[in-house]
Structure formats: structure tokens, C-alpha cells
Amino acid sequence: MRFATWNVNSLKVRLPQVLQWLADTQTEVLCLQELKIDQPSFPLAELEAAGYRAAWFGQKTYNGVAILVRQPFSLDDVVCGMPDYDDEQRRVIAATVNGIRVICAYFVNGEAVDSPKYQYKLTWLAQLERYIASELQQHSQLLLLGDYNIAPDDKDVCDPDGWRGKVLCSAPEREAFQRLIALGLSDSFRLFNQEWRQFTWWDYRALMFRRNMGMRIDHILISDALKPRAIACEIDKAPRKLLRPSDHVPVTLTLAD
DNA sequence: ATGGCGTGTGAAACACGA
């Protein structure tokens, strides 16, 4: 069973690519971020026609997240946002799929370490840590998938010295990532691949994709109880080569049945 | 040093991303 995450940077623009990718890969669970559409505009009919069910938490212009599941799988106990954290920005959605708690998150970008948005990012990360700790108490089998906007290690950055201390790489962000790990989670990609420069995002500008100047900021964390079932975790760079691509590509985790 | 591209809003120029 495969679980994937993809920041699509506008579901309206990227829907044909999402449908094609699902048809090609037959992925069972796909978490999407940056829908950039309000709740009523979600393309449910098109996704249902492709054989998928969906739960989504939309927001006009910014943010917005969704979980798609291939039938006959279904979404149970859907929760939008983080309980006990009142946030206007719609960045989190959770559901139980085939006994696994799936949490889809679009982490705050933060803009720059001296920006008020960075302070919001640190607050949001603390709230997420509290939320995930609570979810783990109820669901030992858990996945946290999404656009983390954190490059956890120098290995995950095209120019580690140039980025040192900057947003996405700063010590407080990396410490927040490690606090999630300390809850009893593993970076599933690093269970299988120790290489440098394995990126999931490349800036649209300056031919960054062609030069492989990117960052690994999209992740799938897997709980200790689920880890023995992990078979593979792979980055699919193919959609970045299409016309009008998202700047992020999908990451897929395969679990044994 | 700055912005370089792409998307949304709304109908030009700006906000935002990372």
C-alpha cells in the first residue's frame, strides 16, 4: 500500500497532472498541499470519476490541504485543523485509512528568520508537536506527510553553507523537526537512502531543476509501530519535467500489506 | 545586491512562496 505527499501549488492548475499521476501509479493514498481553492471549488467529481474518495480543507488563494484515497479504501474520523489551536490558515487535515492515522500538513514557510511569519512558524511547530503527541497516544500506527518547509540536514540542501541559519534550515526549525522524531517517528526516506542532494523542491527561477539546486523539504514521518512495514520511500522527479509543473514533486512511501 | 518564476486576485500591480 502506497502513501504519497505532493504540494501541487494550485489544484486548479495541477488537476490534470494529479489525475494522470494517479492513473499511472495507482497510489492508494495521496496527501495534497497548497490547493489554493475554497471549500466548494474542490474537484470532487473528477476525482471520484478516477476512483478516489477525498477529504479536504480548502482556503481561497492560500494554503488548503486534502487526502485522497483509492476505492475501496475509505476515510474515517476526518479532522480538519489542529484541535485546540485556532488558526485561520488551513494547513492540516487528518483521517484514518485502513487502520492507519494519516495526517497531512502544509507547514508554515516563515519567509525569513527576522520575519513575523517565522515567529508564527515556530508557534505553529510547537502546536503541531503537541497535536502529534496526542494523536500518537490514540493511534500507534501513524504517518505525518506533507510539505514541512524544513530541510532537516545539510545533506538536504543544495548549498548548505549559503543556507546556513536561513529559513528552512535554521537551528530552531531543525530542532522542531527532531522533536517530532523524538515522539517516536522516523524520516522514512532516510530509512532507505543516505545520499546527499535528494531534493523534492526546486525554485522555478534560474534553471534550478536542471542544475539540481533544490531542497528536501517534503517528508513522510512514520511511527515506530508502523516502521517494520516500510518497504520503500522514493521521490518521483518525473512530474517536475512536465509543462507547467509544481515546484514540488511527489514522495511515496510503500508499506507491506 | 537584486531578482530571476509561477499562481491568485482582479483587471495593474502586488502578495506570497521557499
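Computed from a predicted structure; not experimentally measured. Labels below follow one simple rule: chain letters A, B, ... track the order of the sequence lines, proteins then strands, and each chain is numbered from 1. Values below: all heavy atoms of this structure, side chains included; hydrogens, waters and symmetry mates excluded.
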Side-chain donor-acceptor distances from residues 49-57 of chain A under 3.5 Å, at least two apart:
residue, atom, partner, partner atom, Å
A:Y52, OH, A:T27, O, 2.7
A:R53, NE, A:F73, O, 3.0
A:W56, NE1, A:Q39, O, 2.9

(message) Using a strict threshold of under 4.0 Å (side-chain N to carboxylate O), is an ion pair present between A:K60 and A:D38?
(response) no
(request) Pick base, sugar-phosphate or nothing for A:F199, based on heavy-atom distances below 4.0 Å to the nucleic acid. (result) nothing
(message) Rounding to an integer number of Å, can you tell me how far A:N63 CG sits from B:dG17 C1'?
(response) 10 Å
(request) In plain terms, say whether A:D153 and A:K155 are close enough for a salt bridge, that is, a side-chain N and a carboxylate O under 4.0 Å apart. (result) no
(message) I'd like the P distance from B:dG8 over to B:dA18, given in whole Å.
(response) 14 Å
(message) Need one value for A:D38: base, sugar-phosphate or nothing, where a base atom within 4.0 Å counts as base even if backbone is also close, heavy atoms only.
(response) nothing
(request) Using a cut-off of strictly less than 4.0 Å, decide whether A:H248 has a side-chain nitrogen or oxygen near OP1 or OP2 of B:dA18. (result) yes
(message) What contact category does A:N109 fall into here, base, sugar-phosphate, or nothing, at under 4.0 angstrom with non-hydrogen atoms?
(response) base
(request) Determine the Euclidean distance between corresponding C1' atoms of B:dC14 and B:dG3; express it in Å to zero decimal places. (result) 15 Å
(request) Look at the aromatic rings of A:F107 and A:Y148 and report parallel, tilted or perpendicular, splitting at 30° and 60°. (result) parallel
(request) Specify the separation, in whole Å, of atom CE of A:M208 and atom C1' of B:dG3. (result) 12 Å
(request) Write down the distance separating the P atoms in B:dA1 and B:dC16, rounded off to the nearest Å. (result) 24 Å
(request) Would you kindly say whether A:N212 and A:W202 are connected by a side-chain donor-acceptor distance under 3.5 Å? (result) yes
(request) Answer yes or no: does atom CD of A:Q194 have more than 12 heavy-atom neighbours from other residues, nucleotides or ligands under 6.0 Å? (result) yes
(message) In this structure, how many angstroms lie between the C1' atom of B:dA18 and the CZ atom of A:R91, rounded?
(response) 12 Å
(message) Tell me whether A:D159 is salt-bridged to A:R164, with the criterion being a basic N under 4.0 Å from an acidic carboxylate O.
(response) no
(message) Taking only the C1' atom of each, what is the distance from B:dA15 to B:dG10 in whole angstrom?
(response) 13 Å
(request) At under 4.0 Å between heavy atoms, which parts of nucleotides 5-16 of chain B does protein reach? Answer with one letter per nucleotide, 5' to 3': B base, S sugar-phosphate only, - none. (result) BSSSS------S
